Student: 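The structure under discussion is supplied below as structure tokens; questions concerning it will follow.
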Amino acid sequence: MARRERHVSATPAMQALRRAGVEFTVHVYDYVEHGGTAESARQLGVDEHAVVKTLVMQDDRGEPLIVLMHGDRQVSTKNLARAIGAKGVQSCTPEVAQRHSGYLVGGTSPFGLRKALPVYVQASVLALPRILINGGQRGCLVGIDPQQLLRVLGARSVDCAI
């Protein structure tokens, strides 16, 4: 399949990566509503396991947080709550997620958030040689070294994949 080269304007996420001195590559695909990481992985010809989704969640006190998870895995909210010392964790509605992150759902990046939020990353993501993660707009992923999640975001490693 021939890929069309398209220019992508610098997003707040890309600007944050540049300020932090992170080397990254830009990967553009045709966004499909509700296509998720399976669709982006298919279009880009990569393993969905290396495509990391950014999930905006909240704890039992209503405090927002970010969870970074393999595209082909789900979050065990029970295990996540236990790992972060909360009674419970749940996904935010799209409207609440956008308010906390500043990004449209489907284009949420952990970089360049509207306000600083605690970030948790599935431990096995850190073992990958390179990941693709949302670049701050729908249809745009950035390729980075997963160790940058720890350095730039101060992400905390957790084991909550199912």
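Computed from heavy atoms alone, side chains included, the values below leave out hydrogens, waters and symmetry copies. Predicted model, so just to flag it, every value in this text is computed and none were measured.
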Student: Please name the residue in the list Ser109, Pro110, Pro146 that meets the side-chain contact (heavy atoms from CB on, under 4.5 Å) test with Ile133.
Tutor: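 Running side-chain contact (heavy atoms from CB on, under 4.5 Å) over Ser109, Pro110, Pro146 with Ile133 returns exactly one hit, Pro110.
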
Student: For residues Val56 and Val105: do they belong to one hydrophobic cluster (side chain heavy atoms under 4.5 Å, members Ile, Leu, Val, Met, Phe, Trp, Tyr)?
Tutor: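 No.
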
Student: Less than 4.5 Å apart, any side-chain heavy atom of Ile131 and any of Leu149?
Tutor: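 Ile131 vs Leu149: side chains touch.
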
Student: Please name the pair of heavy atoms, one in Met14 and one in Cys140, separated by the smallest distance, quoted to 0.1 Å.
Tutor: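 Smallest heavy-atom distance, with atoms named: CE-SG, 3.4 Å.
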
Student: Supply the atom-to-atom distance Gln147 CD to Asp145 CG, rounded to the nearest 0.5 angstrom.
Tutor: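 Here the interatomic distance stands at 5.5 Å.
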
Student: About how many Å separate CG of Leu104 and OH of Tyr31, when rounded to the nearest 0.5 Å?
Tutor: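 Rounded to the nearest 0.5 Å, the OH-CG separation comes to 8.5 Å.
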
Student: Show your reasoning for whether side chain to side chain contact (heavy atoms under 4.5 Å, CB included) applies to Val51 and Leu44.
Tutor: CA-CA 10 Å; Val51 178; Leu44 296 171; over 6 Å; no

Student: Closest heavy-atom contact between Pro118 and Pro64?
Tutor: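 That would be CD-O, 3.6 Å.
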
Student: Step by step, would you call Arg73 with Ile162 a side chain to side chain contact (heavy atoms under 4.5 Å, CB included)?
Tutor: CA-CA 6 Å; Arg73 303 290 295 275; Ile162 52 174; 5.6 Å; no

Student: Verify side chain to side chain contact (heavy atoms under 4.5 Å, CB included) between His100 and Arg114, making sure each step is shown before the conclusion.
Tutor: CA-CA 7 Å; His100 288 311; Arg114 173 173 285 156; over 6 Å; no

Student: Measure from the side-chain N and O atoms of Thr11 to the backbone N and O of Gly135, and report whether any donor-acceptor pair falls under 3.5 Å.
Tutor: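 Checked: pair present.
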
Student: Which atoms form the tightest heavy-atom contact between Gly112 and Ala16, and what is the distance?
Tutor: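 Where Gly112 meets Ala16 most closely, the heavy atoms are N-CB, 3.7 Å.
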
Student: With rounding to the nearest 0.5 Å, note down the distance linking CD in Gln43 to OH in Tyr29.
Tutor: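 Gln43 atom CD to Tyr29 atom OH measures 7.5 Å (nearest 0.5 Å).
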
Student: Not counting sequence neighbours, list each pair that qualifies as a side chain to side chain donor-acceptor pair (under 3.5 Å) and has a residue in residues 44-53.
Tutor: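 As it turns out, the side chain to side chain donor-acceptor pair (under 3.5 Å) pairs with a partner in residues 44-53, which skip direct neighbours, are Thr37-Glu48, His49-His70, His49-Asp72.
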
Student: Identify the two heavy atoms, one from Val121 and one from Ala155, that lie closest to each other, and give their separation to 0.1 Å.
Tutor: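 For Val121 and Ala155, the tightest heavy-atom pair comes out as CG1-CB, 4.0 Å.
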
Student: Got a sec: does the CD of Gln74 have more than 12 other heavy atoms crowding it under 6.0 Å?
Tutor: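 Open: at most 12 neighbouring heavy atoms sit under 6.0 Å from CD of Gln74.
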
Student: Using only atom types and a distance under 3.5 Å, with no angle test, would you say the side chain of Asn134 pairs donor to acceptor with the backbone of Gly106?
Tutor: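 Yes, the answer is positive, given that a donor and an acceptor are paired below the 3.5 Å cut-off.
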
Student: Starting from Val67, walk the hydrophobic network (Ile, Leu, Val, Met, Phe, Trp, Tyr; side-chain heavy atoms closer than 4.5 Å) and list everyone else you reach, by chain and number.
Tutor: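 For the cluster that includes Val67, the remaining residues are Leu55, Met57, Leu65, Met69, Val75, Leu80, Ile84, Val89, Tyr120, Val158.
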
Student: Please answer: with hydrophobic residues joined when any side-chain heavy atoms are less than 4.5 Å apart, are Leu150 and Leu68 in the same cluster?
Tutor: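 Same cluster: Leu150 reaches Leu68 through Ile, Leu, Val, Met, Phe, Trp or Tyr contacts under 4.5 Å.
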
Student: Answer whether the closest heavy-atom distance between the side chains of Ser40 and Leu141 falls below 4.5 Å.
Tutor: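 Ser40 vs Leu141: side chains touch.
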
Student: Are Leu132 and Val32 connected into the same hydrophobic cluster when the rule is that any two of I, L, V, M, F, W, Y join if their side-chain heavy atoms are below 4.5 Å apart?
Tutor: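 Per the 4.5 Å side-chain linkage, Val32 and Leu132 are not co-clustered.
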
Student: Step through the shown structure and confirm whether more than 12 heavy atoms of other residues, nucleotides or ligands are within 6.0 Å of NZ on Lys87.
Tutor: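 No, not enclosed.
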
Student: How many angstroms lie between OG in Ser91 and CD in Gln58, if you round to the nearest 0.5 Å?
Tutor: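 It is 9.0 Å, given to the nearest 0.5 Å.
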
Student: Please walk me through it: do Gln148 and Arg151 pass side chain to side chain donor-acceptor pair (under 3.5 Å)?
Tutor: CA-CA 5 Å; Gln148 297 300 327; Arg151 185 181 76 80; 2.7 Å; yes

Student: Taking it one step at a time, do Tyr103 and Leu113 satisfy side chain to side chain contact (heavy atoms under 4.5 Å, CB included)?
Tutor: CA-CA 8 Å; Tyr103 292 112; Leu113 294 170; 4.2 Å; yes

Student: Using a 6.0 Å cut-off, check whether atom CD of Glu23 has over 12 heavy atoms from anything other than its own residue.
Tutor: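 Not more than 12 within 6.0 Å, no.
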
Student: In Å, rounded to the nearest 0.5 Å, how long is the span from CG of Leu153 to CG of Leu117?
Tutor: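 Going from the CG atom of Leu153 to the CG atom of Leu117 covers 10.5 Å.
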
Student: For the atom pair CZ (Arg82) and OG (Ser76), what is the distance rounded to the nearest 0.5 Å?
Tutor: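 So the gap between those two atoms works out to 7.0 Å.
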
Student: Who pairs with Glu39 by salt bridge (charged side-chain N to carboxylate O under 4.0 Å, His left out), at least two apart in sequence or on another chain?
Tutor: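 Testing Glu39 for salt bridge (charged side-chain N to carboxylate O under 4.0 Å, His left out), a comparison that skips the adjacent residues, returns Arg42.
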
